[in-house]
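A quick write-up on the structure given underneath.
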Amino acid sequence: MKERIRQLVEAYGPSGHEAQIRALIEEQVAPHADKVRTDAMGNLIALKRGSGDGKPVMIAAHMDEIGLVVTYIDEKGFLRFSPTGGVSPVTLVGSRVRFANGTTGVIGWEKWFRPEGNTSRPELSELYIDVGATGRDDTPVGVGDAAGFVRPFEDLGQRLIAKSMDNRISCAVAIQALSEMGETPNDLYFCFTAQEEVGTRGAITASYGIEPALGLAVDVTLVGDTPKARPMAVSLGEGPAIKIMDSGMLAHPGVVRWMIEAAESLEIRYQREVLQGGSTDARSIQLSRAGVPAGCLSIPCRYVHTPSEMVDYGDVQNAVKLLVTLLTGEINL
Ligand code: CO
Ligand code: ZN
């Protein structure tokens, strides 16, 4: 599974520019699905048909990642940019980025090595991308092109680091579960959603089209286990988290119960998650049409929205087990 994770986390795919990551995921899910399609928003939807009269279930793992879009190119060829998704300037100085066409650049800061640069925090407006151009006419990218971050996948054994664990680790969990599961009574719609990082937009149209009886997002969540972190009862390595609430959603109590019972029947460790800030595709599913019972299976993750996000491999493996059990059983909320 680690090789699958490496491929997914290293792929390019900022919000709205998901073609490359979508092609990679399509290749991996096609052998295990009855039907695969892409909708107008760019969501990839793989259907595994149920063998009985089970429920239509939507599983949503967003495949987009935070990124930067070029807004202006100056006469020397330096690129100014606007973020797509929650990008903090603190994480950017010296970072490397890559565009869809393979162009690579480094992020510079106007104040680097100036006295105020030693004490102040960078503003996005003070940062630029240097693609090594000798002038405006020499830049191999243009206004509107999007860049994603570049970092290699690091396997530390138990812990894994990558630039886009949010949310490729959940894509890996969903694909792995799909590939491992046998028959299921339920019609399973595995949605690899687009544009989550700019406001869970892909999941809105996907859930409207699918009309699921139940929606389950798979996404990362924050942890409280690092030095002086905001207190939070989720840690790396203590098991996948079952979302009770975040700032955009109160999970359906029946869905929470269904998830807890499955984890307890498997005798795996799990954590109850209350996330103060942030939300997931589950919010969009829950609010679609006349409302859908929804919840979220979360992978605890350190340093979310930095170029080095860390997860625990045991949590990842248990998330796969839990997802297989959830989706292959009869569902009565
Ligand atoms: Co995110
Ligand atoms: Zn996410």
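In listed order, ligands and their atoms are each counted from 1.
When distances from the Zn ion (ligand 2) to the N, O or S atoms of Asp166 are compared, OD1 comes out shortest. When the Zn ion (ligand 2) is compared with the N/O/S atoms of Asp219, atom OD1 turns out nearest. The Zn ion (ligand 2) lies closest to atom NE2 when only the N/O/S atoms of His62 are considered.
Between the side chains of Thr193 and Asp281, at least one donor N or O lies within less than 3.5 Å of an accepting N or O.
Around the Co ion (ligand 1), protein N, O or S atoms at less than 2.8 Å comprise Asp166 OD2, Glu197 OE1, Glu197 OE2, His305 NE2.
Annotation for Asp53: atom CG does not count as buried by contact number, only 12 or fewer foreign heavy atoms lying within 6.0 Å.
When the options Asp187, Thr184, Leu214 are evaluated for a side chain to side chain contact (heavy atoms under 4.5 Å, CB included) with Val57, the one that passes is Leu214.
The heavy-atom pair separating Ser279 from Arg283 by the smallest distance is OG-CB, 3.6 Å.
The cationic atom of Lys2 (NZ for Lys, CZ for Arg) lies less than 6.0 Å from the six-membered ring centre of Tyr313 and within 45° of the ring axis.
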Do Asn167 and Glu196 pass the side-chain hydrogen bond (donor to acceptor under 3.5 Å, both in side chains) test, and can you show the C-alpha distance, the side-chain angles, and the key distance before you say yes or no?
CA-CA 10 Å; Asn167 187 32; Glu196 190 273 352; over 6 Å; no
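Here the side chain of Arg80 pairs a donor or acceptor atom with the backbone of Ser125 at under 3.5 angstrom.
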